[in-house]
Protein chains: 2
Amino acid sequence: MLGVVSAPFDVLAEPRRRQILELLRQRPRLVGELTTELGVSQPGVSKHLRVLREAGLVGVRQDAQRRWYELRLGPLRELDAWLHPYRMLWDDALDDLEKHLETMPDRTEG
Amino acid sequence: MLGVVSAPFDVLAEPRRRQILELLRQRPRLVGELTTELGVSQPGVSKHLRVLREAGLVGVRQDAQRRWYELRLGPLRELDAWLHPYRMLWDDALDDLEKHLETMPDRTEG
DNA sequence: CGGCTATATAACCGCAAGAGCATGTACTGT
DNA sequence: ACAGTACATGCTCTTGCGGTTATATAGCCG
């Protein structure tokens, strides 16, 4: 194991899976809806949903034959946590830039 | 095109490439150093570095035969931007929880 | 219970990506 | 100029993944 953050990265590398998440960000959806909106075959969507499910990125609620898929935030928070040390770096860079600008004479190019 | 955020996701899906970024987060490194620390063949490292370079995630500074690879933050900021709407969702969830707790009577189980 | 709807699973195909090895290239010091 | 160092590139092989079609499963309605 290379860390729990591996899963989200790997899973989200797929553009269609990110697309699915974008759709689920608005509201839960049926597999059929996703199939229509993505323009992919139903088995294709189901396969992506399985991957997303196993990574904990989505959850399912069953209603008769229908399955409502909904967003789950946990793995995305892990991703955010992974990103955190890097975010600190660019915050620092921004601080440095601000300090730099404060030190600079008020000058504009020709 | 599916959005400029595709590249970072795709590139960072590789565990070794994330490992490389972690190392470069501390300080710039030579290819040889990375080879040693990752336990991968030198061509392997070079190939990953090429991918990272083309995605703008690292930059190179040449010094004689040596190449100092260093972190570049741009694509990571795009990743952060992609994450932003989701982050808002869990901030909301946290707000809701706080409000909920405020409304609750001060009660402990057991 | 029979046919229909909604979704999952299986089997297969094609491609792209990663690993390893061999080799090319660029710069160095003496 | 030569031998050595540091890195990149090309090639081949294999594996994994996404896509599709066909089929299984489960629940509904009449």
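In what follows, every chain begins at residue 1, and chains take the letters A, B, ... in the order their sequences are listed. Note that this is a predicted model, so its numbers are computed, not measured.
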Length of the [atom1]-[atom2] vector between [X] and [N], whole Å:
X	N	atom1	atom2	result
B:E54	C:dA17	CD	P	11 Å
B:R53	D:dA8	CZ	C1'	8 Å
B:L49	D:dA8	CG	P	6 Å
B:L38	C:dG20	CG	C1'	16 Å
A:R29	C:dT7	CZ	C1'	18 Å
A:L52	D:dG18	CG	P	10 Å
A:W68	C:dA6	CH2	P	12 Å
A:D10	C:dA16	CG	C1'	15 Å

Taking only the side-chain nitrogens and oxygens of B:R50, find out if one of them lies under 4.0 Å from OP1 or OP2 of D:dT9.
-> yes
Look at the side-chain N and O atoms of A:Y69 and state whether any lies under 4.0 Å from the OP1 or OP2 oxygen of C:dA8.
-> yes
Donor-acceptor check, side chain of [X] to backbone of [Y], threshold 3.5 angstrom: yes or no?
X	Y	value
A:R17	A:V11	yes
A:R53	A:V58	no
A:R18	A:L12	yes

Evaluate whether atom CZ of A:R66 has more than 12 neighbouring non-hydrogen atoms of other residues, nucleotides or ligands under 6.0 angstrom away.
-> no
Expected string for nucleotides 19-30 of chain D under the B/S/- scheme (protein heavy atoms, under 4.0 Å, primed atoms plus P, OP1, OP2 as sugar-phosphate) is BBBB----BS--
From D:dC7, C:dG18, C:dA8, nucleotide with atom closest to A:V31 side chain | C:dA8
Are any of the side-chain nitrogens in A:E70 or A:R29 under 4.0 Å away from the carboxylate oxygens of its partner?
-> no
Between B:E33 and B:R27, is there a side-chain N and carboxylate O pair less than 4.0 Å apart?
-> yes
In terms of hydrophobic clustering (I, L, V, M, F, W, Y; side-chain heavy atoms under 4.5 Å; direct or indirect links), are A:W68 and A:L24 co-clustered?
-> no
